[in-house]
K.L.:
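Sharing a structure with you now.
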Amino acid sequence: MPGKEIIAMLLAGGKGTRLGVMTDKLAKPAIPFGGEFRLIDFPLSNCANSGIDTVGVMTQYEPLVLNSYIGNGSSWDLDRQNGGVIVLPPYLDRKRGANWYSGTANAIYQNIDYIETYDPEFVLVLSGDHIYKMDYSLMLKYHKEKNADVSIAVMEVPWEDTNRFGIMNTDKDDRIKEFLEKPEDAESNLASMGIYIFSWKYLKEYLVEDTRNPDSSGDFGKNIIPMMLEDKLSIYAYRFNGYWKDVGTIESYWSAHMDLLEENSELDLYDRDWIISSVNPHLPPIYISPDGDVIHSLVNKGSQIYGKVEDSVIFFDTIIEKDAIVKESIILPNVTIGKGSYINKAVICQDVTIGPNCKISYGTDEHNKITVIGEGKEIPEGTTIDTGFELE
Amino acid sequence: MPGKEIIAMLLAGGKGTRLGVMTDKLAKPAIPFGGEFRLIDFPLSNCANSGIDTVGVMTQYEPLVLNSYIGNGSSWDLDRQNGGVIVLPPYLDRKRGANWYSGTANAIYQNIDYIETYDPEFVLVLSGDHIYKMDYSLMLKYHKEKNADVSIAVMEVPWEDTNRFGIMNTDKDDRIKEFLEKPEDAESNLASMGIYIFSWKYLKEYLVEDTRNPDSSGDFGKNIIPMMLEDKLSIYAYRFNGYWKDVGTIESYWSAHMDLLEENSELDLYDRDWIISSVNPHLPPIYISPDGDVIHSLVNKGSQIYGKVEDSVIFFDTIIEKDAIVKESIILPNVTIGKGSYINKAVICQDVTIGPNCKISYGTDEHNKITVIGEGKEIPEGTTIDTGFELE
Amino acid sequence: MKNVMGIINNAQKEDFMRELTEIRSLASIPFGCRYRLIDFPLSNLVNSGVTNVGILLENKYRSLMDHIGPGKVWDLDRKRDGLFILPPAQVYGDNRFYKGDIENFYSNIDYIHRSSQDYVIISTPYMVCNLDYREIVKAHKESGADITLVYKQMPTLEDKSTCSILKTDKNNRVTELKVNSDLKNYDKVSLNKFVMKKELLLEIIDECVSMGRWDFIKDGIIGNLDRLNIHGYPFSGALGIINSIKSYYKFNLKLLNPEIWKDIFMTKTIYTKSKDEPPTQFTAVSKVKNVLAANGCIVKGHVENSLLFRGVKIEKGAVVKNSILMQKSTVGQNSRLNNVILDKNVVITPEKVLRGEENFPTIIKKNVVI
Amino acid sequence: MKNVMGIINNAQKEDFMRELTEIRSLASIPFGCRYRLIDFPLSNLVNSGVTNVGILLENKYRSLMDHIGPGKVWDLDRKRDGLFILPPAQVYGDNRFYKGDIENFYSNIDYIHRSSQDYVIISTPYMVCNLDYREIVKAHKESGADITLVYKQMPTLEDKSTCSILKTDKNNRVTELKVNSDLKNYDKVSLNKFVMKKELLLEIIDECVSMGRWDFIKDGIIGNLDRLNIHGYPFSGALGIINSIKSYYKFNLKLLNPEIWKDIFMTKTIYTKSKDEPPTQFTAVSKVKNVLAANGCIVKGHVENSLLFRGVKIEKGAVVKNSILMQKSTVGQNSRLNNVILDKNVVITPEKVLRGEENFPTIIKKNVVI
């Protein structure tokens with residue numbers, strides 16, 4: 001089997017607890033996004049579009065959904081004979097015994113055997129919960145041009161937000177001199193996007209060394225990168241200017257959807273030169289009835305609109321009954337909104353049924369919070385749910 | 001997604017310690033067999049040939065080889081849109097925490113969610129390390145005809161061997177009255193083959209109950225079946241008469257291969273109506289040189305025979321150099337036997353290189369033991385290795 | 001249904017829809033916003049548990065092959081059985097003249113022979129419906145008939161071409177069967193879907209060939225009406241007979257009735273090749289009423305009573321009524337369309353007005369810019 | 001090689017091997033125990049990193065389509081690029097006469113146009129070799145030539161039909177190129193593998209069509225010898241020119257030389273459709289010398305100097321020498337074969353003797369029982 005110049009290792013282990021009830025039954029990378037996708041579609045499609053055809057997905061929470069979603073990878077053209085996408089769960093080793101992934105770096109350490117199968121020169125490390133379109137082949141080109149040992153993708157963040165990110169201090173040539181996790185007084189506003197290219201021989205060495213240290217938490221940001229900086233490895237910042245969003249909270253999840261509704265959204269999902277692929281369910285076309293009305297919204301196939309939809313994202317297979325009104329909301333797949341119900345600023349999770357004449361997030365709007373209705377709930381006729389409520 | 005009448009759950013977790021060095025780097029179901037196959041090819045092909053298109057493979061040891069061997073299941077026509085074969089590793093559950101599979105039944109308990117996806121009426125439980133051809137659809141027909149809650153495939157074993165098996169005592173109608181693990185004075189010679197059909201509603205109930213019992217080892221033979229018998233469930237023995245072999249020891253592994261060499265071997269691999277499929281490596285034809293000689297042997301593609309082969313099974317991609325002699329041996333894939341070397345009654349594992357003029361298992365043959373050379377070994381020129389040696 | 005194979009007969013003359021079939025076969029005509037005609041017979045077979053399907057092809061089939069690919073979408077990419085593309089007869093000899101669809105059956109007789117199934121369903125792409133063959137095969141076996149023919153009771157027929165009409169006796173045995181005839185005195189239309197033993201099909205093909213007769217329905221079925229017991233099976237679901245531009249247009253618009261689109265699209269899943277399109281976007285100024293739309297459209301204008309295929313763009317101020325807009329067609333600002341069919345990739349530049357008649361829609365051919 | 005597409009030109013006359021091509025296209029002729037001719041050009045392209053391959057077809061291509069399927073074996077079952085079956089020209093119009101392979105290029109010009117690659121490799125199935133196009137494409141770009149043609153220096157030619165021979169100047173520019181001519185005064189044979197810019201190919205097709213010329217090599221290449229800079233690239237590996245029964249037979253037997261089979265089969269992996277055959281069984285009375293054998297054979301007799309395809313059975317006492325036994329053929333007890341080619345599924349009953357000449361092997365057609 002011929003080797004690969006570069007393979008990708010995708011960390012899909014995040015519990016995503018800040019997303020509340022949304023991640024109750026789903027690993028964060030499996031969360032639906034944008035009316036059509038799941039978060040993991042973005043890094044997987046980016047890989048395929050960048051010509052990276054070998055991706056190991058490391059996961060240990062609720063792998064069944066992710067596993068059956070990824071399938072053989074054909075949705076992203078990642079069903080390759082040599083390579084392709086594969087889910088890598090933790091396993092029992094006869095010598096080492098049981099080992100769950102203790103941190104981002106440790107997850108990769110435990111899959112050294114998998115990586116070595118492809119004898120790669122470079123390893124791209126990604127996480128599965130960011131929304132962005134990026135050509136990793138340009139980052140690899142940069143990595144090679146700089147003759148770097150490590151490249152870290154960075155973007156400029158507003159100075160007031162620097163205390164929420166891993167911040168890079170660089171020299172004039174963008175070589176990283178210092179890496180600070182959530183600094184109070186940042187010298188730079190270059191934040192790590194959690195996207196790394198490592199020259200594999202170095203990464204392997206540091207992973208092995210890190211594992212010997214019982215105090216390490218086996219994490220890239222906390223352990224591996226600081227160790228490498230200390231050893232004066234050549235680590236470069238790769239600047240990225242496009243749309244990038246960590247949808248780690250309900251608020252950021254909601255606002256990322258509102259971003260999409262803009263006519264010239266920064267994240268252009270209609271661009272046929274950089275297609276974000278997803279697993280396509282087989283569903284009939286969208287139906288909008290003679291009484292239906294859809295304004296400033298995204299609607300996906302299989303949905304039937306008999307009521308009014310405004311400033312909202314409607315995933316597939318959803319029914320908005322007559323006289324129902326949906327505003328500034330995100331309706332995940334397979335939801336029914338009953339006749340005459342009113343939904344405002346809410347995230348309605350999969351398989352929810354809302355009976356007729358309910359009012360969700362209706363009333364005073366002062367604390368401006370998003371209401372979330374958890375997967376599979378049935379809301380009986382006439383229910384009123386207050387702003388900001390999370391129904392598990 | 002429409003449900004399935006029956007799905008199969010394949011236990012591929014066996015460590016197979018009695019196979020010594022052979023299972024050092026391989027889960028037992030991944031062990032090569034018959035010049036072409038791996039053990040797991042038999043149950044997987046049986047499923048496909050029996051019209052069972054949904055198979056969950058439970059494994060926790062060295063899953064990478066098995067995982068990449070099974071791939072998307074297309075080798076067995078098990079790459080179905082609804083169903084197909086999938087590897088089910090243990091996973092972290094946010095509520096239950098970390099759980100390795102503690103026993104055969106527990107492994108299935110932990111995958112109840114997977115099973116319920118298909119809403120099956122029946123669940124076929126298989127293990128991944130037996131050699132046989134069996135039409136499970138006939139067993140299902142029997143299960144339905146008997147209106148059974150459980151059916152267990154059994155075969156008659158020689159009376160002197162009954163103390164090595166799980167033995168069923170049945171009434172005239174083949175309903176099982178008693179199940180004895182390795183009894184000293186057996187009343188019956190009907191041995192369990194480790195193949196069960198359960199009506200899922202009962203199995204689920206007992207799995208849940210068994211899990212509540214902290215003293216249970218979560219095993220079918222030890223816990224579930226006895227509990228079911230106690231509760232007077234209707235359990236029937238399904239008699240099977242064909243070839244069946246547990247290749248759990250080096251001796252049985254070797255003798256199963258010798259069985260194959262018989263002209264009318266009971267295990268007919270040439271039967272085009274019940275094809276045992278496997279993952280086919282892309283290799284050139286077998287080459288037998290003008291000096292080569294092959295008698296009473298099986299040889300697979302990619303192998304080059306310049307020497308003499310007798311009473312042996314040669315897997316693919318192997319080179320038997322000039323003047324080398326291979327007798328009553330099993331040569332696994334990608335092995336080189338050097339010029340003038342003599343191999344007798346040996347199992348040579350994958351990727352072994354034996355230098356010129358070596359003598360393996362040469363000499364006194366009194367204890368009649370099989371020599372095993374472990375994966376990847378390089379045996380230098382002129383080495384002599386004694387009968388029965390296991391080289392790790 | 002392991003014992004039943006399917007043959008989709010796409011080896012038919014299709015002149016009756018020239019405007020849409022110039023560049024594609026009948027089977028690959030776009031239909032219902034996301035589908036092509038072939039999706040319906042293929043999904044019906046697969047939904048009924050048939051896993052061995054042959055598609056007889058006549059010509060212009062590259063678009064069809066692109067659409068079907070290895071049959072993965074229909075779960076027919078299998079090592080045993082699966083999907084078989086059965087190429088036309090004439091390429092086997094140099095420059096022969098085409099005689100009729102029996103020739104296509106005959107040149108693929110090996111495939112039919114070596115299939116392991118005992119029964120065969122023969123279907124066609126121009127009858128759009130969503131049915132389950134399991135009941136029909138069961139009824140076929142119970143009736144003891146030689147052939148079971150599926151029909152639908154219909155008061156009128158949009159266009160008689162390619163249609164067979166029939167009469168049955170009180171036992172549902174077919175007593176009369178005519179092609180291209182008016183419905184007068186008849187009220188049953190054949191769906192041209194047949195169930196029979198494979199052996200009988202082979203016999204019919206053999207007989208037709210030996211007598212130099214080449215039309216499957218006229219010679220193979222009608223020609224045997226006296227000799228064989230042909231049983232009628234009534235179908236009561238929605239049926240689209242796509243045998244003229246008019247019937248194509250009318251039936252597509254009929255889909256806007258929820259009862260009909262639910263019957264056609266949702267009785268069982270209809271599978272089709274998917275294209276990774278994002279959701280359809282409606283802007284602050286869009287106005288849509290009574291519309292079926294695929295994904296990937298961007299609607300800024302006013303759409304009423306119309307079907308939008310994948311990736312259609314309707315600019316601000318444009319008004320589209322009673323129209324069918326195929327994949328990637330664009331309607332420019334302030335243009336107005338009524339009773340129009342736009343084929344794929346048509347561009348209507350701003351400020352244009354196109355208007356057809358209800359019974360005679362204006363058709364704009366693929367890739368045309370107006 | 002992301003910027004290079006491949007076209008395998010299987011739209012060629014193949015009368016020269018009638019006995020084997022009556023039921024199949026040249027490209028699907030069985031070769032080397034496990035392969036078909038198409039496996040070689042296809043694997044060469046894939047091994048060189050080409051992921052967009054079109055196969056021009058002329059006729060009798062069902063066996064070829066069965067063999068290739070969706071291209072999974074070659075990892076060409078892709079959402080973007082991948083394998084494209086390009087059906088023949090004549091089916092696009094009714095009953096036209098076939099003019100030549102340019103017509104096939106022309107009727108698939110859409111595919112060539114819309115492919116994203118800038119370079120194209122044109123190959124053919126009847127030149128069997130194992131090569132890496134990466135070096136050739138590199139050399140092509142460096143030389144600045146319009147077209148690079150791969151050739152091999154050869155002292156003799158088994159059969160001149162369909163072959164092009166050439167002369168080059170000291171800079172390796174092709175100065176002469178002739179079809180179907182004797183090697184006299186020439187010692188270079190074209191592999192009929194060409195590298196050029198896609199734009200140039202489109203130009204050549206367009207020019208040929210507009211002038212009513214229809215032979216790709218004679219009109220497209222030789223016709224442009226003066227105008228274009230055609231560069232020769234020497235190939236030194238083993239080469240099988242399969243252009244007559246004699247050359248087919250001789251080259252298959254030549255494979256018994258380990259140097260040749262290693263070159264042809266193992267320089268890079270040759271992919272082919274696999275069949276789930278168990279290992280080949282040799283019994284206590286079998287005797288085999290100098291044999292290449294596929295899997296699934298059962299050999300009880302004596303085989304020497306021969307090639308056995310998948311699933312061949314040789315009964316006790318049978319003697320097979322200097323022969324090629326294709327898939328599933330059987331040789332009965334005590335039968336004797338020398339210089340024989342058995343096509344697929346041939347059954348030689350016991351006690352028969354078949355003997356051909358070294359330059360004129362006896363061929364038994366598919367499914368025949370003797």
Side-chain angles (χ1 to χ4, degrees), chain B residues 33-37 41 45 48 72 74-77 79 257 260-265 267-272 274-306 309-317 319, chain D residues 31-35 39 43 47 70 72-74 77 130 255-258 261-300 303-311 313 316 328:
Chain B
F33 180 83
E36 164 83 9
F37 311 98
D41 289 329
S45 300
N72 71 347
S74 61
S75 296
W76 305 271
D77 224 2
D79 54 333
H257 279 88
L260 280 182
L261 296 178
E262 294 318 306
E263 256 194 65
N264 295 306
S265 165
L267 184 70
D268 182 4
L269 297 175
Y270 297 82
D271 174 10
R272 300 309 284 172
W274 200 270
I275 292 173
I276 304 300
S277 302
S278 61
V279 177
N280 274 284
H282 293 284
L283 290 168
I286 301 157
Y287 174 65
I288 298 161
S289 83
D291 302 324
D293 199 0
V294 183
I295 295 170
H296 199 238
S297 293
L298 294 179
V299 183
N300 207 326
K301 62 189 172 186
S303 288
Q304 306 167 31
I305 316 290
Y306 302 91
V309 174
E310 208 176 320
D311 304 325
S312 294
V313 176
I314 313 290
F315 281 70
F316 35 79
D317 226 2
I319 302 175
Chain D
F31 176 86
C33 297
R34 319 185 49 238
Y35 305 95
D39 295 337
S43 300
N47 287 335
K72 204 182 227 169
V73 171
W74 295 270
D77 54 330
N130 195 328
L255 289 173
L256 290 164
N257 176 341
W261 71 256
K262 283 180 188 171
D263 184 310
I264 292 281
F265 296 147
M266 294 176 78
T267 303
K268 295 250 179 182
T269 303
I270 301 299
Y271 300 92
T272 189
K273 187 181 173 186
S274 64
K275 293 272 197 187
D276 283 327
E277 296 279 0
T280 278
Q281 182 165 39
F282 300 91
T283 68
V285 293
S286 68
K287 205 172 147 196
V288 280
K289 301 274 168 217
N290 206 29
V291 163
L292 281 169
N295 273 16
C297 302
I298 300 179
V299 180
K300 302 178 183 174
V303 187
E304 213 176 306
N305 239 0
S306 295
L307 282 80
L308 309 183
F309 283 69
R310 288 170 175 137
K313 284 205 181 69
K316 275 179 201 155
K328 292 187 181 169

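Hydrogens, waters and symmetry mates are skipped; everything else that's a heavy atom, side chains included, is used. Values in this document were obtained by computation on a predicted structure and should not be read as measured data. To find a chain, count down the sequence lines: A is the first, B the second, and so on, and within it residues start at 1.
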K.L.:
Would you please classify the geometry between the D:Trp261 ring and the B:Tyr287 ring as parallel, tilted or perpendicular, with 30° and 60° separating the classes?
P.N.:
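Tilted.
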K.L.:
When only pairs under 4.5 Å are counted, which of B:Lys301, B:Glu36, B:Glu262 shares the most heavy-atom pairs with chain D?
P.N.:
B:Lys301
K.L.:
Just verifying a value: how many Å separate D:Asn257 CG and B:Ser289 OG, rounded to the nearest 0.5 Å?
P.N.:
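Separation between the atoms: 12.0 Å.
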K.L.:
Most heavy-atom pairs under 4.5 angstrom with chain B, which of D:Ser274, D:Ser286, D:Gly32?
P.N.:
D:Ser274
K.L.:
Quick check on D:Glu304 against chain B: is it the side chain, the backbone, both or neither that has a heavy atom closer than 4.5 Å?
P.N.:
neither
K.L.:
Does any backbone or side-chain atom of D:Lys287 lie under 4.5 Å from a heavy atom of chain B? Answer side chain, backbone, both or neither.
P.N.:
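Neither the backbone nor the side chain of D:Lys287 comes within 4.5 Å of chain B.
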K.L.:
Give, as side chain, backbone, both or neither, the part of B:Ile314 having an atom under 4.5 angstrom from any heavy atom of chain D.
P.N.:
neither
K.L.:
Roughly how far, to the nearest 0.5 Å, is CD of D:Glu277 from OG of B:Ser277?
P.N.:
11.0 Å
K.L.:
Considering only heavy atoms and a distance below 4.5 Å, find which of D:Leu308, D:Leu292, D:Asn295, D:Val299 pairs most often with chain B.
P.N.:
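Ranked by contacts with chain B, first place is D:Asn295.
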K.L.:
Atom NZ of D:Lys262 and atom CD of B:Gln304: how far apart are they, to the nearest 0.5 Å?
P.N.:
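So the NZ of D:Lys262 and the CD of B:Gln304 are separated by 4.5 Å.
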K.L.:
Non-hydrogen atoms of chain B under 4.5 Å away: do they reach the side chain of D:Phe309, the backbone, both or neither?
P.N.:
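Neither; nothing under 4.5 Å.
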K.L.:
Applying side-chain contact (heavy atoms from CB on, under 4.5 Å) to D:Asp276 and B:Ile276, what does each step give before you reach the verdict?
P.N.:
CA-CA 7 Å; D:Asp276 283 327; B:Ile276 304 300; over 6 Å; no
K.L.:
With side chain to side chain contact (heavy atoms under 4.5 Å, CB included) as the test, pick out the partner of D:Thr280 among B:Ile288, B:Val294, B:Ile286, B:Leu298.
P.N.:
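The side chain to side chain contact (heavy atoms under 4.5 Å, CB included) with D:Thr280 is passed solely by B:Ile286 among B:Ile288, B:Val294, B:Ile286, B:Leu298.
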K.L.:
Going through the distances and angles, do D:Phe282 and B:Val309 end up as a side-chain contact (heavy atoms from CB on, under 4.5 Å)?
P.N.:
CA-CA 10 Å; D:Phe282 300 91; B:Val309 174; over 6 Å; no
K.L.:
Could you state the interatomic distance from CD (D:Gln281) to OG (B:Ser297), rounded to the nearest 0.5 Å?
P.N.:
9.5 Å
K.L.:
Counting heavy-atom pairs under 4.5 Å with chain D, which one of B:Leu260, B:Leu283, B:Asp311, B:Asp293 comes out on top?
P.N.:
B:Leu283
K.L.:
List the steps, then state whether side-chain contact (heavy atoms from CB on, under 4.5 Å) holds for B:His282 with D:Val73.
P.N.:
CA-CA 9 Å; B:His282 293 284; D:Val73 171; 3.5 Å; yes
K.L.:
Could I get the full list of side-chain hydrogen bond (donor to acceptor under 3.5 Å, both in side chains) partners for D:Lys72, not counting sequence neighbours?
P.N.:
B:Asp79
K.L.:
Side chain from CB out, backbone as N, CA, C, O: work out which of these in D:Ile270 comes under 4.5 Å of a heavy atom of chain B, or both, or neither.
P.N.:
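Interface part for D:Ile270: backbone (N, CA, C, O).
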K.L.:
What option among D:Ile264, D:Thr283, D:Ile298 has the most heavy-atom pairs under 4.5 Å with chain B?
P.N.:
D:Thr283
K.L.:
Let's test your reading of the structure: which of B:Ile305, B:Asn280, B:Val279 forms the most heavy-atom pairs below 4.5 Å with chain D?
P.N.:
B:Asn280
